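First up is the structure itself, then whatever we jot down about it.
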Protein chains: 2
Amino acid sequence: MDETAPQKGTVTQRAIEQIKALIAEGRLEPGERLPTERDLAARLGISRSSMREAIRALTVMGVLEARHGSGIYVTQLEAGDLLETFGVVADLSRGPQLVELLEVRRILESTATGLAAARITAGELAEVEKHLAAMNETDDPEEILSHDLAFHRAIVAAAGNGSMAAILEGLSSRTFRARVWRGYQQEDAFERTRREHAAIHRALVAHDPEAARAAAAAHVGEVEQWLRTQLSS
Amino acid sequence: MDETAPQKGTVTQRAIEQIKALIAEGRLEPGERLPTERDLAARLGISRSSMREAIRALTVMGVLEARHGSGIYVTQLEAGDLLETFGVVADLSRGPQLVELLEVRRILESTATGLAAARITAGELAEVEKHLAAMNETDDPEEILSHDLAFHRAIVAAAGNGSMAAILEGLSSRTFRARVWRGYQQEDAFERTRREHAAIHRALVAHDPEAARAAAAAHVGEVEQWLRTQLSS
DNA sequence: CAGCCGTAGTGGTCCGACCACCCGAGTGGT
DNA sequence: ACCACTCGGGTGGTCGGACCACTACGGCTG
């Protein structure tokens with residue numbers, strides 16, 4: 001009953017595709033536990049080393065999760081799991097590509113902020129305000145960055161699209177922003193950032209999607225423009 | 001002179017971070033060739049097996065590229081390389097998450113189409129029209145899907161943001177759309193799709209960004225809405 | 001000089017052993 | 001009867017070495 005699939009590509013690559021297919025076909029449910037590495041290797045007729053590489057690949061993709069001493073499990077396959085590696089793109093990009101990513105972020109984040117303005121609840125708004133206040137009460141750049149991230153994260157979460165939130169999370173990865181800000185915050189940007197955040201907050205309170213969208217677009221666009229001019233010099 | 005870095009996480013994970021750091025710090029340029037697996041393993045004081053898993057992980061991320069018999073090379077680190085795995089998300093998502101991804105695609109693709117309307121050249125427009133015509137002259141669903149993909153790909157390419165194009169490529173992966181369309185095309189959607197494509201094309205010819213944006217948003221939004229109602233039933 | 005061809009070196013695969021960790025069954029005490 | 005502890009089996013993690021498949025380069029041949 002074995003398929004004896006002809007050789008196409010490397011053995012490991014085949015194993016990756018086969019396991020991925022099992023999940024795509026629904027024969028492996030999210031959270032379910034897989035057979036042991038040794039079993040899987042024997043089943044596909046490959047060595048454990050190759051199977052381990054395949055598992056490693058799927059682990060990196062966020063499809064599988066290996067727990068030492070326990071077993072291998074399928075993740076919940078939520079956007080957060082699968083888009084974890086997305087941050088690597090932002091970490092390794094540079095130059096013109098950074099501007100491109102910032103443009104993507106501007107588009108998505110402005111839309112998300114607009115959606116949030118329409119849907120945000122009192123509780124979610126309180127979370128946003130917590131970080132807004134905390135950000136205004138400290139001068140430690142590290143802490144400001146943290147609350148800046150949390151501020152936007154809370155807003156995006158209120159938009160209700162988990163996948164979009166996961167993508168934006170990658171585009172706002174800590175190292176990514178730290179790199180851009182390294183020079184940016186030396187300008188008069190601190191005060192400007194606070195004003196822009198205040199504008200976004202006002203629009204959220206007023207439940208005004210259009211104003212929120214514009215404010216968020218302007219906010220990200222400021223950084224984008226600054227970075228653009230930096231590159232041309 | 002060895003660092004003797006204390007144990008944090010698994011050995012392989014450490015190796016991944018170290019190589020990634022080498023690239024982020026610019027000590028490894030895009031296209032450059034790395035030392036051999038055996039060298040790298042010895043250098044970091046780990047076994048070749050573990051090093052291979054680390055390399056496999058970075059290969060999956062699109063950071064490295066292994067050429068059998070030749071060596072390991074750093075990719076060009078362009079968006080296309082790094083976002084290759086993005087398609088897996090679309091392939092493995094289902095249910096409500098598909099709607100979320102389609103919403104992201106609607107936002108990005110409408111913006112990209114708007115940008116394209118403003119910037120598109122005569123040559124790029126000809127490419128778009130080629131696929132538009134080909135799509136109207138066949139009834140083979142498989143071929144229609146191909147030209148549909150190429151139609152949108154050509155437009156997005158004209159927007160001039162390679163990173164955005166790479167993300168949309170993942171969100172429009174073949175298997176993703178095939179799954180959604182399986183039922184969709186049984187409706188009166190064929191004719192409607194052609195009309196919508198024509199509308200997008202008209203806006204491109206007129207170099208009217210706002211019209212192009214609206215047409216693209218409506219186009220993707222149609223499918224999105226259909227999928228949404230499918231899920232609630 | 002052009003083209004073939006062998007060989008050194010690379011990644012790809014396999015094997016078997018051992019280590020580090022998790023978990024549940026069994027054991028002892030209360 | 002119940003609980004806490006222990007300990008063993010099974011799991012993923014690591015290691016070292018061997019061999020295979022392929023590429024690239026240089027010398028050899030015509």
Side-chain angles (χ1 to χ4, degrees), chain A residues 2-20 22-23 28 30-75 81 84, chain B residues 2-20 22-23 28 30-75 81 84:
Chain A
D2 57 10
E3 298 277 338
T4 65
Q7 67 225 33
K8 52 172 182 178
T10 70
V11 180
T12 303
Q13 200 62 38
R14 247 182 298 162
I16 294 176
E17 295 303 328
Q18 295 198 34
I19 297 180
K20 205 166 63 178
L22 284 184
I23 299 176
L28 282 176
E32 192 176 338
R33 188 191 145 166
L34 276 71
T36 70
E37 293 181 345
R38 294 163 175 88
D39 272 6
L40 284 172
R43 235 178 259 205
L44 300 187
I46 67 178
S47 75
R48 193 185 161 206
S49 313
S50 301
M51 176 54 73
R52 274 191 60 78
E53 283 192 34
I55 293 173
R56 169 71 61 181
L58 290 165
T59 298
V60 167
M61 292 190 224
V63 176
L64 298 183
E65 178 190 3
R67 299 180 204 161
H68 192 165
S70 172
I72 310 169
Y73 301 80
V74 181
T75 68
D81 301 323
E84 205 164 304
Chain B
D2 57 11
E3 297 277 338
T4 64
Q7 67 226 33
K8 52 172 180 178
T10 69
V11 179
T12 304
Q13 199 62 38
R14 246 181 298 162
I16 295 176
E17 296 302 329
Q18 294 198 35
I19 296 181
K20 204 166 65 178
L22 284 183
I23 299 175
L28 283 176
E32 191 174 339
R33 190 193 142 164
L34 278 70
T36 71
E37 293 180 345
R38 294 162 174 89
D39 272 6
L40 284 172
R43 231 177 264 201
L44 300 187
I46 67 178
S47 75
R48 194 185 159 206
S49 314
S50 301
M51 176 53 73
R52 273 192 60 78
E53 283 192 36
I55 292 172
R56 168 72 62 181
L58 290 165
T59 299
V60 167
M61 291 191 225
V63 176
L64 298 183
E65 178 189 1
R67 299 182 204 159
H68 191 165
S70 172
I72 309 169
Y73 301 81
V74 181
T75 69
D81 302 322
E84 205 165 305

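The figures that follow rest on heavy atoms only: side chains count, while hydrogens, waters and symmetry mates do not. Just so it is clear, the model here is predicted, and its values are computed rather than measured.
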- request: Determine the minimum heavy-atom distance between B/Gly9 and B/Arg14, stating which atoms define it.
  value: O-NH2, 4.2 Å

B/Leu64 CG - C/dG12 C1' separation (whole Å): 16 Å

- prompt: In whole angstroms, how far is the C1' atom of D/dT14 from the CZ atom of A/Arg56?
  reply: 11 Å

field: Minimal non-hydrogen separation, B/Thr12 against B/Glu53, with atom names
entry: CG2-CB, 3.8 Å

query: Between D/dG10 atom C1' and A/Ile72 atom CD1, what is the distance in whole Å?
result: 13 Å

message: Please tell me if B/Thr12 has a side-chain N or O lying less than 4.0 Å from either OP1 or OP2 of D/dT14.
response: yes

statement: Comparing nearest nucleotides in DNA chain C, the 5'-proximal residue of the pair B/Arg67, A/Arg48 is B/Arg67

- request: Starting at atom OH of A/Tyr73, determine the distance to atom P of D/dT11, rounded to an integer number of angstrom.
  value: 11 Å

task: Quickly work out the B/Leu40 CG to C/dT10 P distance and round it to whole Å.
output: 11 Å

message: Taking the nucleotide of DNA chain C with the nearest heavy atom to each, does A/Ser70 or A/Thr10 sit closer to the 5' end?
response: A/Thr10

field: Heavy-atom side-chain contact between A/Met61 and A/Ile16 under 4.5 Å
entry: yes

message: Reading DNA chain D from 5' onward, which residue's closest nucleotide shows up sooner: A/Asp39 or B/Ser49?
response: A/Asp39

- request: Starting from P on C/dT10, measure out to CE on B/Met51 and report it in whole angstrom.
  value: 15 Å

query: So what does B/Ile55 touch, heavy atoms closer than 4.0 Å: a base, only the sugar-phosphate, or nothing?
result: nothing

- prompt: Quick one: does B/Arg38 reach the base of C/dG11 with a side-chain donor-acceptor pair under 3.5 Å?
  reply: yes

- prompt: Is it true that B/Lys20 and B/Glu17 make a salt bridge, defined as a side-chain N closer than 4.0 Å to a carboxylate O?
  reply: yes

Partner of B/Thr75 by side-chain contact (heavy atoms from CB on, under 4.5 Å), out of B/Asp81, B/Thr59, B/Ile23, B/Leu58: B/Asp81

query: At under 4.0 Å between heavy atoms, what does A/Ile46 touch on the DNA or RNA strands: base, sugar-phosphate, or nothing?
result: sugar-phosphate

Rounded distance in Å - CD (B/Glu53) to P (C/dG12): 14 Å

Minimum-distance nucleotide to A/His68 side chain [options: D/dC15, D/dG12, C/dC14]: D/dG12

task: Measure the distance from CZ on A/Arg52 to P on D/dC15 and round it to the nearest whole Å.
output: 11 Å

message: D/dC15, OP1 or OP2 - any side-chain N/O from B/Ser50 closer than 4.0 Å?
response: yes

